[in-house]
Amino acid sequence: MPIVRNEKKRAEIVKLLTQAYWMEMETVQSYIANSINLDGVRAEEIKKSLAADVMEELGHAQLFAKRIKELYGTVPGSFGFKPKQRSLQPRADTTDVVNVIKGVIEAEQGAIDHYVKLINTCSDADPVTADMVTTILADEEGHLRLFEGFLKEYEKGKQ
Ligand SMILES: [Fe+2]
Ligand SMILES: [Fe+2]
């Protein structure tokens with residue numbers, strides 16, 4: 001008997017997992033780029049933090065991919081990728097740390113909103129996915145709080 005017996009429910013969960021997988025993959029791309037593109041003394045801590053997050057976000061992508069397969073889905077190939085993270089694209093001013101921090105906050109908040117939706121969709125039908133996504137959600141909440149703290153400090157430094 002397949003995991004998550006209700007086929008319609010399973011398809012709905014796989015669709016949301018696939019979206020989550022792409023969000024993580026795009027975050028990996030954005031964090032690698034921003035951890036390298038930024039310049040200046042004020043950028044150093046942000047670059048280090050983003051570089052460290054890359055591996056964590058990649059781990060999330062692998063967890064989502066594994067769960068897609070377990071639920072009889074297919075992990076998409078690169079042709080299925082559609083970028084969304086406009087705020088994390090490279091800027092002409094490579095010392096503009098504040099806008100990178102804001103872009104990271106936007107990405108993390110977007111992930112949090114999507115994962116809460118995913119957990120709610122699983123509800124009683126799929127406690128295993130709900131449990132996995134809850135653990136990932138906790139990581140993203142940690143990232144969000146960290147970068148909110150960075151923003152507080154960096155916006156003060158701007159005045
Ligand atoms: Fe993540
Ligand atoms: Fe994150």
Side-chain angles (χ1 to χ4, degrees), residues 3-4 10-38 42-71 73-91 94 96-123 125-155:
I3 309 161
V4 188
R10 199 169 68 230
E12 194 186 353
I13 293 168
V14 167
K15 201 175 156 208
L16 293 173
L17 283 170
T18 304
Q19 201 183 328
Y21 169 76
W22 283 130
M23 287 170 100
E24 297 289 351
M25 292 298 274
E26 185 170 20
T27 297
V28 167
Q29 297 180 57
S30 295
Y31 288 8
I32 288 177
N34 283 289
S35 73
I36 289 168
N37 285 336
L38 286 175
R42 277 158 53 86
E44 278 312 302
E45 287 308 315
I46 303 303
K47 288 166 74 173
K48 258 187 254 168
S49 184
L50 287 173
D53 275 354
V54 166
M55 294 316 288
E56 203 173 336
E57 308 293 9
L58 187 59
H60 293 163
Q62 286 177 310
L63 286 171
F64 282 121
K66 190 166 161 267
R67 192 60 187 158
I68 289 167
K69 174 77 171 172
E70 281 169 358
L71 293 179
T74 303
V75 182
S78 54
F79 275 19
F81 180 66
K82 288 188 189 73
K84 302 225 160 62
Q85 293 177 354
R86 194 165 293 279
S87 319
L88 286 170
Q89 300 310 302
R91 288 184 172 76
T94 57
D96 185 358
V97 186
V98 166
N99 273 311
V100 170
I101 296 171
K102 284 180 178 168
V104 170
I105 288 171
E106 196 183 308
E108 296 291 344
Q109 188 63 63
I112 287 167
D113 294 345
H114 184 65
Y115 300 167
V116 168
K117 184 181 168 191
L118 188 37
I119 292 161
N120 290 336
T121 303
C122 292
S123 60
D126 186 357
V128 174
T129 299
D131 182 62
M132 185 195 85
V133 181
T134 302
T135 305
I136 296 171
L137 175 64
D139 290 341
E140 312 302 10
E141 286 182 348
H143 297 158
L144 177 70
R145 284 301 290 130
L146 182 69
F147 275 80
E148 280 178 348
F150 287 148
L151 185 63
K152 204 172 161 187
E153 184 185 343
Y154 279 63
E155 279 191 322

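Both ligands and their constituent atoms are indexed starting at 1 by order of listing. The figures that follow rest on heavy atoms only: side chains count, while hydrogens, waters and symmetry mates do not.
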### Query
How about E57 and T27: does a side-chain donor come under 3.5 Å of a side-chain acceptor?
no

### Task
Applying side-chain contact (heavy atoms from CB on, under 4.5 Å), name anything that partners A20, two or more places apart in sequence or on another chain.
F64, H114, Y115, L118

### Check: S35 side chain, I32 main-chain N or O, donor-acceptor pair, under 3.5 Å
yes

#### Entry: Donor-acceptor contact below 3.5 Å, side chain E56 vs main chain A52
no

### Audit row: D96, K102, salt bridge (charged side-chain N to carboxylate O under 4.0 Å, His left out) steps and yes/no
CA-CA 11 Å; D96 185 358; K102 284 180 178 168; over 6 Å; no

### Query
Using a distance threshold of 2.8 Å, what protein N/O/S atoms lie below it relative to the Fe ion (ligand 2)?
E57 OE2, E108 OE1, E108 OE2, E140 OE1, H143 ND1

### Query
Please walk me through it: do R10 and E70 pass salt bridge (charged side-chain N to carboxylate O under 4.0 Å, His left out)?
CA-CA 11 Å; R10 199 169 68 230; E70 281 169 358; over 6 Å; no

